Amino acid sequence: KKTDDLSDIKASLKVQEFQNLSSKSPYELKPSFNVSFKKDWEDNEDQSLLLQTDANFSYDQFDTGNNAKKNIATGSRLASTPSVSFPMKASFGFLKPKLIANLRHYDLDDASSSQESLAIPTVSLDSGLYLDRPFKLSGYNFIQTLEPRIFYTYTPYEDQSDIPYFDTSLNELNTTTIFQENQFSGQDRVMDTNAITTALTTRIIDDSGYDWMTLTMGQRFYLSDRKVLEEDRYASSSYKGDKSDFLVSANANLTKSLRLTTDYEYNHSEDTTNKFTSSARFTPEPGKILNASYRQVRNPSSGKYDVKQY
């Protein structure tokens, strides 16, 4: 893999192969080429941010390895997801409208269609407020923030069922991905979405700007069904409800060397916990780290907690 970085322009070229002894080989990339151009456009007078643009292009040739399944689709994909956003910031909050074009073209072998093309628009609006209050604790000055946030996104539906899944899967929802326009990773699916995400974050910060505690709670509400999830592979998907799990993420620095992190997902419809993770990280000095964690994940099919890790 080779990557070049020319300020706002980045490019990479990759060839990927696998040698599997038993399991089926995933798709191999022969080759994969990516180039992107990201730029913040500022006002020359006051240096305020006027515009953010992201132009990207990728070409991927998907082939099968020695242990791959027989008669599965292969081919090439051209993909581009250019976007432009108009960030507006003030001391008390922000507003960020964004326009995205999801562009794809496929040349396929051993598939139900030899060629497929997509052009799907997406619009989103991200907004938030910054509120804070000072307080003292044990003679030290702190600031507690309160940061409500509302995110809206809309993407119309287009049938993509004839396109293979080369490198795409549903993203796991958390307090970061819940603010993404497309719920899929990879390039082979664009989720049709009409949804509002609401969240609330509070932080405790000292005079130096050190973040001692962060607590975020959020949930996404779907205003219409997602037709892409009507494909057979999502027949029992927990993502098909009218709202996401209620998400909670908490981080606390008890000292500057001891950090605690907890993530929690609660399903209102079934009145159950879908996932709980908790971890501790201790760094007594540079070069020495001690980690401990617990993870519990519920299987939506059986209703049992199949994954428990310590």
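Atom set for the values below is all heavy atoms of this structure, side chains included, hydrogens, waters and symmetry mates excluded. What you see is a predicted model, and the numbers here were worked out from it, not measured in a lab. Throughout, numbering of the chain's residues begins at 1 and tracks the sequence.
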Under 3.5 Å, is there a donor-acceptor pair linking the side chains of Gln115 and Asp107? yes
Out of curiosity, does Leu247 fall in the hydrophobic cluster containing Phe179 (side-chain heavy atoms, cut-off under 4.5 Å, transitive links)? yes
Side chains of Met191 and Leu170 in contact at under 4.5 Å (non-hydrogen atoms): yes
Taking Lys30 first and then Glu17, would you say they form a salt bridge - that is, a charged N and a carboxylate O separated by under 4.0 Å? yes
Side chains of Gln144 and Thr202 only: does a donor on one sit below 3.5 Å from an acceptor on the other? yes
So does Asp167 get a backbone contact from the side chain of Asp188, meaning a donor-acceptor N/O pair under 3.5 Å? yes
Is there a path from Leu254 to Phe282 through hydrophobic residues (I, L, V, M, F, W, Y) whose side chains come within less than 4.5 Å of each other? yes
Here the gap from Tyr222 atom OH to Leu229 atom CG, rounded to the nearest 0.5 Å, amounts to 8.0 Å
Do the non-hydrogen side-chain atoms of Tyr59 and Asn34 ever get within less than 4.5 Å of each other? no
So Asp263 and Val248, do their side chains get closer than 4.5 Å, heavy atoms only? no
Asn274 and Asp245: side-chain donor and acceptor closer than 3.5 Å? yes
Same cluster or not: are Leu99 and Tyr154 linked, directly or through other Ile, Leu, Val, Met, Phe, Trp or Tyr residues, by side-chain heavy atoms under 4.5 angstrom apart? yes
Are any non-hydrogen side-chain atoms of Lys243 and Arg220 less than 4.5 angstrom apart? no
Ring-plane angle category for Phe166 and Phe62, please: parallel below 30°, perpendicular beyond 60°, tilted otherwise. parallel
For the backbone of Lys227 and the side chain of Asp225, can you confirm whether one donor and one acceptor N or O come within less than 3.5 Å of each other? no
Is Phe184 reachable from Tyr239 through a run of hydrophobic residues whose side-chain heavy atoms are each under 4.5 Å from the next? yes
Ignoring hydrogens and geometry, is there a side-chain-to-backbone donor-acceptor pair from Thr168 to Tyr165 under 3.5 Å? no
Val84 backbone acceptor or donor facing Thr53 side chain under 3.5 Å: no
Which residue pairs pass the ring pair (Phe, Tyr, Trp, His ring centres under 6.0 Å) test with at least one member in residues 96-125, sequence neighbours excluded? none
Strictly by modelled atom types, are Thr261 and Asn251 linked by a side-chain donor-acceptor pair under 3.5 Å? yes
May I ask you to decide if Gly241's main-chain N or O and Arg226's side chain share a donor-acceptor pair within less than 3.5 Å? yes
Are Lys98 and Glu181 side-chain neighbours, meaning at least one heavy-atom pair lies under 4.5 Å? yes
Shared hydrophobic cluster for Tyr210 and Leu137 (ILVMFWY, side-chain gaps under 4.5 Å): yes
Set out, in order, the CA-CA distance, both residues' side-chain angles and the distance that settles side-chain contact (heavy atoms from CB on, under 4.5 Å) for Ile196 and Leu223, then state yes or no. CA-CA 8 Å; Ile196 294 176; Leu223 307 180; 4.3 Å; yes
Angle between ring planes, Tyr264 versus Tyr266, binned at 30° and 60°: parallel, tilted or perpendicular? parallel
Taking 4.0 angstrom as the limit, do Asp60 and Arg77 come out as a salt bridge? yes
Just jot down the ring-ring contact (aromatic ring centres under 6.0 Å, His included) partners of Phe92, sequence neighbours excluded, or say none. none
Can you name the side-chain contact (heavy atoms from CB on, under 4.5 Å) partners of Glu158, sequence neighbours left out? Leu118, Ile120
Donor-acceptor contact present, side-chain Asp206 to main-chain Ser208, <3.5 Å: yes
Cut-off 3.5 Å, side chains only: do Thr216 and Thr201 have a donor facing an acceptor? yes
If you measure only the distance, is there a donor-acceptor pair under 3.5 Å linking the side chains of Ser112 and Asp162? yes
Judged by atom type as modelled, is there a donor-acceptor pair below 3.5 Å linking the side chain of Gln160 to the main-chain atoms of Val190? yes
Would the distance check show the side chain of Arg259 and the main-chain N or O of Ala280 forming a donor-acceptor pair, the cut-off being under 3.5 Å? no
Side chains of Thr145 and Asp132: do they bring a donor and an acceptor to under 3.5 Å? no
Taking the basic N atoms (NZ, or NE/NH1/NH2) and the acidic carboxylate oxygens, is any pair closer than 4.0 Å for Arg189 and Glu231? yes
Between Glu147 and Arg203, does any NZ, NE, NH1 or NH2 come within less than 4.0 Å of an OD or OE carboxylate oxygen? yes
Answer yes or no: is there a donor N or O on one side and an acceptor on the other, between the side chain of Thr255 and the main chain of Leu258, under 3.5 Å? yes
Is atom CZ of Phe135 surrounded by more than 12 heavy atoms (other residues, nucleotides or ligands) closer than 6.0 Å? yes
Residue pair Phe151 / Ile178, side-chain heavy-atom distance below 4.5 Å: no
How about Asp207 and Tyr140: does a side-chain donor come under 3.5 Å of a side-chain acceptor? no
Pair Thr122-Asn102, side-chain donor/acceptor within less than 3.5 Å: yes
Just how far is it from atom NZ of Lys89 to atom OH of Tyr130, taken to the nearest 0.5 Å? 6.5 Å
Ignoring hydrogens and geometry beyond distance, is a side-chain donor-acceptor pair present between Thr177 and Gln180 at under 3.5 Å? no
Find out whether Leu51 and Ser85 are in side-chain contact, i.e. whether some heavy atom of one side chain is under 4.5 Å from a heavy atom of the other. no
Any donor and acceptor pair, going by atom type alone, linking the side chain of Ser127 with main-chain N or O of Ile150 inside 3.5 Å? yes
4.5 Å side-chain heavy-atom contact, Tyr294 and Thr277: no
